Amino acid sequence: MSEKIQKSEGGREREQRIEKLEQLRGMGVNPFRYSFERTHMLGEAIQNGGELAGSGAEVVCAGRIMSIRKHGKTAFGNIKDSTASLQFYVRKDGVDEESFDLFKLIDVGDIVGIYGTLFRTKTDELTVKVTRLELLSKAILPLPEKWHGLQDKEIRYRQRYVDLIVNDDVMKIFRLRSAIVETIRRFLQEHGFLEVETPILQPIYGGALARPFVTHHNTLDIDLYLRIADELYLKRLIVGGMERVFEFSKDFRNEGMDRSHNPEFTMLECYAAYWDYTRMMEFVEQLFARLCEEFVGGFELKFGEHEIDLKPPWRRLSFFDALGEATDEDLKEMDAETLKELAKKRGLDVDGVTGRGGFLDLLFSELVEPGLIQPTFITDYPVELSPLAKIHRGDASLVERFEPYICGFEIGNAFSELNDPIDQRERFEQQSRMRAEGADEVHPIDEDYVRALEYGMPPTGGLGVGIDRVVMLLTDSHSIRDVILFPQMRPEGGREKD
RNA sequence: GCGCCGCUAGCUCAACUGGCAGAGCAACUGACUCUUAAUCAGUAGGUUCAAGGUUCGAUUCCUUGGCGGCGUACCA
């Protein structure tokens with residue numbers, strides 16, 4: 001059986017390369033070396049190519065062989081490291097005998113070290129003229145085809161390492177992702193936010209409405225939940241006096257998967273004492289202005305066929321005004337039954353939807369969300385949908401909350417945080433009643449969190465940002481799987497059947 | 001979860017209405033000391049996702065299953 005697996009992976013070429021390993025060892029070459037000292041990254045060599053090419057100075061580089069063009073006693077090829085790709089040139093009378101013999105056994109995909117000098121070919125291409133070659137790691141599986149590369153999405157996601165080797169634009173997206181996160185981190189630190197780490201294993205899940213993953217701690221013999229959000233912990237830190245905190249949080253939600261949802265994803269949450277949601281809206285605009293400056297070079301962003309203008313101020317539109325625009329009706333005073341009729345009249349599927357909040361949410365996501373292409377803050381949500389947000393200062397049926405939308409994506413969520421412990425307890429209890437009525441994704445009551453509020457939390461503005469979606473926007477990626485290195489997949493070869 | 005589409009050599013893809021499973025790249029052998037999708041000559045490479053069915057004959061048609069893509073639902 002295992003023979004079958006081995007055969008199916010790489011086929012005959014893998015066998016041939018394994019034979020080469022033995023030949024190499026016979027020549028006294030260790031095909032898997034321990035280390036190698038470089039003098040130049042390929043990017044540096046290229047950047048300083050002007051001086052280096054004239055000087056005859058030695059460069060020592062390392063990387064993966066990406067192509068080889070042999071012509072008898074000479075050969076050209078390309079070598080790639082994390083900074084660049086560079087052409088190399090090997091000729092029989094230019095290298096020592098050992099290196100030339102070794103080169104005969106080198107394949108595309110192998111990782112080598114090269115010593116040489118830079119020169120320009122007659123087509124003016126900067127090239128390393130190799131004087132010595134050393135094998136650092138042999139590759140026994142062949143790389144995908146050089147011209148079409150790796151197309152198969154399944155292999156690209158499952159074997160991301162191959163995708164990264166051959167698809168430079170994929171590498172670029174993940175470098176960009178790192179830079180985006182770093183820019184956001186720096187921006188927050190510049191504004192006095194402290195980066196913290198809070199539990200991923202939580203005894204009570206909260207801070208969002210979603211089904212959790214459950215695991216078990218053997219010593220304590222208790223079930224623990226992988227966090228669906230870190231909100232309640234960060235606000236405990238506000239109570240503790242940290243005043244401005246943030247965390248890049250891997251969150252886990254046991255829900256469906258699609259173009260914009262992966263079971264584990266990255267959320268930025270940040271909280272600022274003495275801010276309210278209006279101040280937080282400005283902060284979001286400033287943050288995106290910084291991201292635009294660094295990664296867009298202006299405020300105009302292209303996403304698919306959309307041209308987005310991220311220049312602040314963004315449009316502010318209240319939840320009920322947005323619904324009013326979409327329906328030509330005033331939904332604010334409607335009860336659950338009337339909203340249900342309205343949804344039906346609009347041809348929406350109301351199966352499984354309960355409560356006034358449920359119907360409002362349905363109507364909003366069907367009729368309003370898809371149209372929110374230009375950056376828009378949807379503000380002032382109905383209280384039913386927001387158990388952790390503070391009652392609106394001007395209207396007790398609303399909360400002070402906003403969600404920024406871009407390209408129809410909800411990219412964040414923010415409120416003036418509810419800091420009245422009595423109100424918070426009532427909202428939790430209201431959630432419990434909804435659970436009893438059949439809603440399965442509601443907050444369990446977190447007594448310790450309420451106790452923390454009873455010690456007094458300053459007025460606080462809080463914000464959550466979906467980092468994966470921000471990266472999608474800034475890289476014009478249309479699937480979350482293109483911005484997550486190892487997206488969740490079904491097990492290869494199917495599930496074991498019991 | 002549901003619907004549609006796909007799965008053929010290491011990779012990218014062909015194969016008409018059911019009739020000997022093919023090409024390019026990669027590999028292997030040989031020629032070639034400035035090539036860059038190197039070139040030229042030759043060789044080899046397949047459980048056509050799996051199991052079952054229909055048929056003289058299945059990559060092709062049918063059933064079930066697996067995996068993937070897209071859409072849809074769920075995910076405030």
Side-chain angles (χ1 to χ4, degrees), chain A residues 4 7-17 19-20 66-78 85 87-94 100 107-109 119-125 127 129 139-158 162 166 208-211 228-229 253-263 265 319 348-349 351-353 355 357-362 364-366 369 378 381-382 384-389 399 401 403 410 413 431 434 439-443 464 478-479 481 489-497:
Chain A
K4 179 182 166 183
K7 258 190 155 173
S8 68
E9 286 281 336
R12 166 166 301 201
E13 188 166 352
R14 181 169 176 275
E15 305 292 317
Q16 290 168 340
R17 289 190 179 203
E19 279 166 31
K20 284 182 185 173
M66 297 305 291
S67 62
I68 298 176
R69 299 176 289 280
K70 288 189 175 175
H71 313 75
K73 297 184 182 63
T74 67
F76 287 88
N78 285 80
S85 169
Q87 180 167 261
F88 65 84
Y89 178 48
V90 174
R91 47 184 291 155
K92 193 172 196 303
D93 58 13
F100 196 74
D107 293 298
V108 170
F119 75 106
R120 289 189 183 276
T121 63
K122 69 180 181 191
T123 54
D124 204 34
E125 179 165 347
T127 301
K129 186 178 206 171
I140 63 173
L141 282 175
L143 289 178
E145 199 241 4
K146 63 184 171 191
W147 192 241
H148 299 92
L150 182 62
Q151 301 292 332
D152 188 312
K153 285 197 177 178
E154 181 168 359
I155 305 178
R156 289 188 43 221
Y157 295 146
R158 284 192 198 279
V162 182
V166 299
L209 303 182
R211 284 188 290 263
I228 59 173
R253 297 187 183 175
N254 207 339
E255 310 280 1
M257 297 154 60
D258 66 21
R259 229 174 52 250
S260 54
H261 296 85
N262 195 64
F265 62 101
F319 183 86
L348 303 181
D349 180 7
D351 285 355
V353 180
F359 293 115
L360 284 171
D361 186 46
L362 173 72
F364 184 83
S365 49
E366 291 296 325
E369 256 186 44
I378 297 295
Y381 284 67
E384 291 91 334
L385 291 175
S386 317
L388 299 167
V399 290
R401 170 184 177 185
E403 292 196 349
E410 166 201 336
N413 187 16
Q431 293 279 307
M434 284 169 62
D440 54 347
E441 289 168 349
V442 296
H443 276 84
H478 295 238
S479 168
R481 294 188 153 190
M489 302 287 277
R490 283 196 168 81
E492 229 172 327
R495 281 167 300 205
E496 297 282 333
K497 276 186 189 157

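We name chains A, B, ... by the order of the sequence lines, and we start the count at 1 in each one. Just so it is clear, the structure is predicted and the values come from calculations on it, not from any experiment.
Nucleic acid contact class of A:E19 (heavy atoms, under 4.0 Å, all strands): none. Across all strands shown, A:K129 has no heavy atoms under 4.0 Å from either base or sugar-phosphate atoms. In this structure, A:R481 reaches the sugar-phosphate backbone alone: every heavy-atom distance under 4.0 Å involves primed, P, OP1 or OP2 atoms, never a base. Backbone-only contact: A:Y157 has heavy atoms under 4.0 Å from sugar-phosphate atoms and none from a base. Counting non-hydrogen atoms under 4.0 angstrom, A:F88 reaches nothing in the nucleic acid. Residue contacts for A:Q87: at a heavy-atom cut-off of 4.0 Å it reaches a base atom on one of the strands shown. Here A:G358 lies out of heavy-atom contact (under 4.0 Å) with every strand.
Taking atom C1' on both nucleotides, B:G10 is separated from B:G45 by 10 Å, rounded to a whole Å. Taking atom C1' on both B:G52 and B:A15, the two are 25 Å apart, rounded to the nearest angstrom. Across B:A44 and B:C62, the matching C1' atoms stand 37 Å from one another, rounded to whole Å. Nucleotides B:U12 and B:G69 have their P atoms positioned 15 Å apart, rounded to a whole Å. Rounded to a whole angstrom, the distance from the C1' atom of B:G3 to that of B:G46 is 33 Å. Distance noted for atom P between B:A23 and B:A37: 24 Å (whole Å). Separating the C1' atom of B:U17 from that of B:C13 is a span of 23 Å, rounded to the nearest Å. Separation of the P atoms belonging to B:A21 and B:C49 is 15 Å when rounded to the nearest angstrom.
A donor-acceptor contact shorter than 3.5 Å links the side chain of A:R259 to the backbone of A:H478. Within the 3.5 Å criterion, the main-chain N or O of A:E255 finds no donor-acceptor partner in the side chain of A:R211.
A:R69 places a side-chain heavy atom less than 4.5 Å from the side chain of A:Q87. The closest side-chain heavy-atom distance from A:E403 to A:F319 is not below 4.5 Å. Two residues are said to be in side-chain contact when any heavy atoms from C-beta on lie closer than 4.5 Å; A:D93 and A:K73 fail this criterion.
What separates CD of A:Q151 from P of B:C70 is a distance of 14 Å, to the nearest Å. Atom CD in A:E154 sits roughly 16 Å away from atom C1' in B:U12 (whole-Å rounding). In this structure, the CD atom of A:E13 is 12 Å from the C1' atom of B:A9, given to the nearest Å. At whole-Å resolution of the value, CG in A:D152 and C1' in B:A9 are 15 Å apart. We find that NE2 of A:H71 is positioned 16 Å from P of B:A41, with the value rounded to whole Å. A:K153 has its NZ atom 13 Å from the C1' atom of B:G71, to the nearest Å. Put simply, CZ on A:R14 is 24 Å from P on B:A44, counting in whole angstrom units. A:R211 has its CZ atom 7 Å from the C1' atom of B:C74, to the nearest Å.
Distance check, rounded to the nearest 0.5 Å: OH of A:Y89 to CZ of A:F119 gives 6.5 Å. Here the straight-line distance linking atom CD of A:E13 with atom CG of A:D107 works out to 6.5 Å at 0.5 Å rounding.
For A:D107, the listed nucleotide lying nearest its side chain is B:C28; candidates were B:U36, B:C28, B:U33. With B:A37, B:U33, B:U35 as the candidates, the nucleotide lying closest to the side chain of A:D93 is B:U33. When distances are taken from the side chain of A:E145 to each of B:C25, B:G68, B:U35, the shortest belongs to B:C25. Taking the side chain of A:E125 as heavy atoms from C-beta on, and the options B:C11, B:C75, B:U36, the nearest nucleotide is B:U36. Relative to the side chain of A:K146, the nucleotides B:U35, B:C75, B:C25 differ in distance, and B:C25 lies closest.
Applying the Watson-Crick and G-U wobble criteria (two distances, each under 3.5 Å), B:G1 pairs with B:U72. Base pairing analysis places B:A14 opposite nothing; no Watson-Crick or G-U wobble pair with both distances below 3.5 Å involves it. In this entry B:U35 has no Watson-Crick or G-U wobble partner, no candidate having both defining distances under 3.5 Å. Base-pair partner of B:A21: not found among the strands shown (Watson-Crick or G-U wobble, both distances under 3.5 Å). Across the strands present, B:G42 finds its partner in B:C28; the criterion is a Watson-Crick or G-U wobble pair with both atom distances under 3.5 angstrom. With both pairing distances under 3.5 Å, B:U63 is matched to B:A51 as a Watson-Crick or G-U wobble pair.
Residue A:K70 has no polar side-chain atom (N or O) positioned under 4.0 Å from OP1 or OP2 of B:C32. For A:R12, no side-chain nitrogen or oxygen approaches OP1 or OP2 of B:G46 to under 4.0 Å. OP1 or OP2 of B:U33 has not a single side-chain nitrogen or oxygen of A:R91 nearer than 4.0 Å. Within the structure, a side-chain polar atom (N or O) of A:R490 is placed less than 4.0 Å from OP1 or OP2 of B:G68. For B:G10, the OP1/OP2 oxygens have no side-chain nitrogen or oxygen of A:R17 closer than 4.0 Å.
In this model, no side-chain donor or acceptor of A:S67 finds a partner on the base of B:U36 within 3.5 Å. Side-chain N/O atoms of A:D258 and base N/O atoms of B:C74 include a donor-acceptor pair closer than 3.5 Å.
Along RNA chain B, the nucleotide closest to A:S365 and the one closest to A:W147 are compared, and the more 5′ of them pairs with A:W147. Checking A:M489 against A:F76, the closest nucleotide of RNA chain B that is more toward the 5' end is the one next to A:F76.
A side-chain donor from one of A:R401 and A:N413 sits under 3.5 Å from a side-chain acceptor of the other.
Residues A:P382 and A:L360 share a closest heavy-atom pair of CG-CD1, 3.7 Å.
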